[in-house]
Participant: 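Take a look at the following structure, please.
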Amino acid sequence: MLTELFGTPHFSSDLLLLLPLLVVLEAVLSADNAVALAAIARGIENPEQQRKALNLGLVVAYVLRMLLILTASWVTQFQLAELAGALYLLWLAFNYFRPDSSDTDEGKHHHRFTSLWAAIPTIALTDLAFSLDSVTTAIAVSRETWLVLLGGTIGVITLRFLAGLFIRWLKEYDNLESAGYGAVALVGLRLLVRSINESLTPPEWVMVSCIAILFIWGFSKKTLPLVAEPEEAVEVTKDPLSL
């Protein structure tokens, strides 16, 4: 049964060349995922809790991603899975961009969590929704399941480090969080179109190009450092009795 799931490993120079390709592919396709996970983790104010949320959330996400790879041939035929993933990602993006006059940060709705355990399912589900797109691409590159599993494992590790970097960069660049959620919306729309009519799905290079443009915009404006207001000058009056 394990042989049916993982396939019989065949080692060759061609397969060894495919592994770096899969890792690079995972890293490129994970950039938008990483900034989304970083933005979600920022919903916890304590930096230590942010790291724990990412670590535990990605452990759950890793298990779900491996299950997705093993059942990819079935999931890709089950269009409701892609539809559910698309609606979830679109909901995340809409919840961030939805107009609200009561919000003080230009209509942006940052996720806020009351506890570590509230953030973990959101991180895991977000990675799973993104994986519906990246796993399909990886399977198309190689039919060797064990190789895709290995590439996915390295991809999740890369994702963890990228998300850690993005948490820091989100504080340094004004537009980066909005660019990340814009990418979330694009991936959601692509999944939605594919779940309705696969022939209308835009090619991968179009998505990568659009996301690259979003990220160029995201890194285009640095956050201005807070400048302390100058203390009010104390008016000194001369004592009329003094000489």
Side-chain angles (χ1 to χ4, degrees), residues 23 26-69 81 84-98 100 103-105 107-135 149 151-188 191 211 214-215 218-219 223:
V23 173
E26 284 282 351
V28 170
L29 296 178
S30 292
D32 48 356
N33 189 355
V35 72
L37 297 187
I40 290 170
R42 281 187 73 201
I44 304 173
E45 300 206 357
N46 187 308
E48 182 64 29
Q49 295 292 303
Q50 288 177 5
R51 287 190 289 271
K52 286 183 179 178
L54 277 176
N55 289 336
L56 295 174
L58 284 175
V59 167
V60 178
Y62 174 73
V63 174
L64 294 176
R65 189 183 286 212
M66 295 301 103
L67 290 173
L68 178 62
I69 292 172
L87 293 177
Y88 175 74
L89 292 178
L90 290 173
W91 173 81
L92 279 180
F94 173 77
N95 194 52
Y96 176 78
F97 288 113
R98 63 187 168 88
D100 188 344
D103 201 303
T104 57
D105 193 9
K108 299 170 186 176
H109 296 257
H110 307 280
H111 292 276
R112 293 289 179 260
F113 299 101
T114 56
S115 71
L116 169 72
W117 304 107
I120 290 172
T122 306
I123 289 173
L125 287 175
T126 302
D127 180 74
L128 179 64
F130 271 92
S131 297
L132 289 169
D133 192 42
S134 61
V135 165
L149 286 170
T153 300
I154 299 173
V156 168
I157 296 170
T158 305
L159 179 61
R160 173 61 186 87
F161 285 105
L162 281 176
L165 281 174
F166 275 115
I167 284 181
R168 188 183 69 194
W169 289 337
L170 285 169
K171 299 174 185 176
E172 297 179 7
Y173 296 92
D174 279 343
N175 300 327
L176 186 56
E177 189 171 12
S178 296
Y181 277 103
V184 170
L186 282 177
V187 174
L191 279 175
I211 290 172
L214 274 174
F215 274 73
F219 282 105
T223 304

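All residue numbers in this chain count up from 1 along the given sequence.
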Participant: Please, which pairs that meet salt bridge (charged side-chain N to carboxylate O under 4.0 Å, His left out) have at least one residue in residues 86-97, sequence neighbours excluded?
Facilitator: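 Checked against salt bridge (charged side-chain N to carboxylate O under 4.0 Å, His left out) - neighbours excluded - no pair reaches residues 86-97.
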
Participant: How would you list, by chain and number, every residue that makes a ring-ring contact (aromatic ring centres under 6.0 Å, His included) with Tyr173, sequence neighbours excluded?
Facilitator: Phe219

Participant: With a 4.5 Å limit on heavy-atom distance, are the side chains of Tyr88 and Leu128 in contact?
Facilitator: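 The answer is no; the side chains never approach within 4.5 Å.
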
Participant: What are the two closest heavy atoms between Ala41 and Gln50, and how far apart are they?
Facilitator: O-CG, 3.2 Å

Participant: If we only count heavy atoms from C-beta on, is the Leu58 to Leu37 side-chain gap below 4.5 Å?
Facilitator: yes

Participant: Could you tell me if the side chain of Asp127 sits less than 4.5 Å from the side chain of Leu64, heavy atoms only?
Facilitator: no

Participant: How close do Leu89 and Val184 get, counting heavy atoms only, and between which atoms?
Facilitator: O-CG1, 3.3 Å

Participant: Could you tell me which residues satisfy side-chain hydrogen bond (donor to acceptor under 3.5 Å, both in side chains) with Glu45, sequence neighbours excluded, listed by chain and number?
Facilitator: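 Glu45: no side-chain hydrogen bond (donor to acceptor under 3.5 Å, both in side chains) contacts found.
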
Participant: Hey, what do you get for CD1 (Ile123) to CG (Leu54), rounding to the nearest 0.5 Å?
Facilitator: 5.0 Å

Participant: Are Arg51 and Arg160 side-chain neighbours, meaning at least one heavy-atom pair lies under 4.5 Å?
Facilitator: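 Yes, their side chains come closer than 4.5 Å.
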
Participant: If you look at every heavy atom in Asp32 and Ala183, which pair is closest and at what distance?
Facilitator: CB-CB, 3.5 Å

Participant: Thr126 and Ala36: which non-hydrogen atoms are nearest, and at how many Å?
Facilitator: CG2-CB, 4.4 Å

Participant: Quick one: list whatever passes side chain to side chain contact (heavy atoms under 4.5 Å, CB included) with Ala86, sequence neighbours left out.
Facilitator: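 Here the qualifying residues are Leu191, Leu192.
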
Participant: I'd like to check Ile40 versus Phe113 (side-chain heavy atoms, cut-off strictly below 4.5 Å). Are they in contact?
Facilitator: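 Yes. Closest side-chain heavy atoms under 4.5 Å.
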
Participant: Considering residues at least two apart in sequence or located in another chain, which fulfil the side chain to side chain contact (heavy atoms under 4.5 Å, CB included) criterion with Leu116?
Facilitator: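 Side chain to side chain contact (heavy atoms under 4.5 Å, CB included) list for Leu116, sorted by chain: Ile44, Gln49, Lys52, Ala53, Leu56, Ile120.
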
Participant: For the pair Phe166 and Asn33, evaluate side chain to side chain contact (heavy atoms under 4.5 Å, CB included) and give the outcome as yes or no after the intermediate values.
Facilitator: CA-CA 10 Å; Phe166 275 115; Asn33 189 355; over 6 Å; no

Participant: Which value, rounded to the nearest 0.5 Å, describes the distance between Ile157 atom CD1 and Tyr62 atom OH?
Facilitator: 7.5 Å

Participant: Of all the heavy-atom pairs spanning Leu214 and Gly182, show the shortest one and how long it is.
Facilitator: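 Here Leu214 and Gly182 meet closest at CD1-C, 3.6 Å.
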
Participant: Looking at every non-hydrogen atom in both residues, tell me the closest pair between Ser178 and Tyr96 and how far apart they are.
Facilitator: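 So the two residues come closest at OG-OH, 3.2 Å.
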
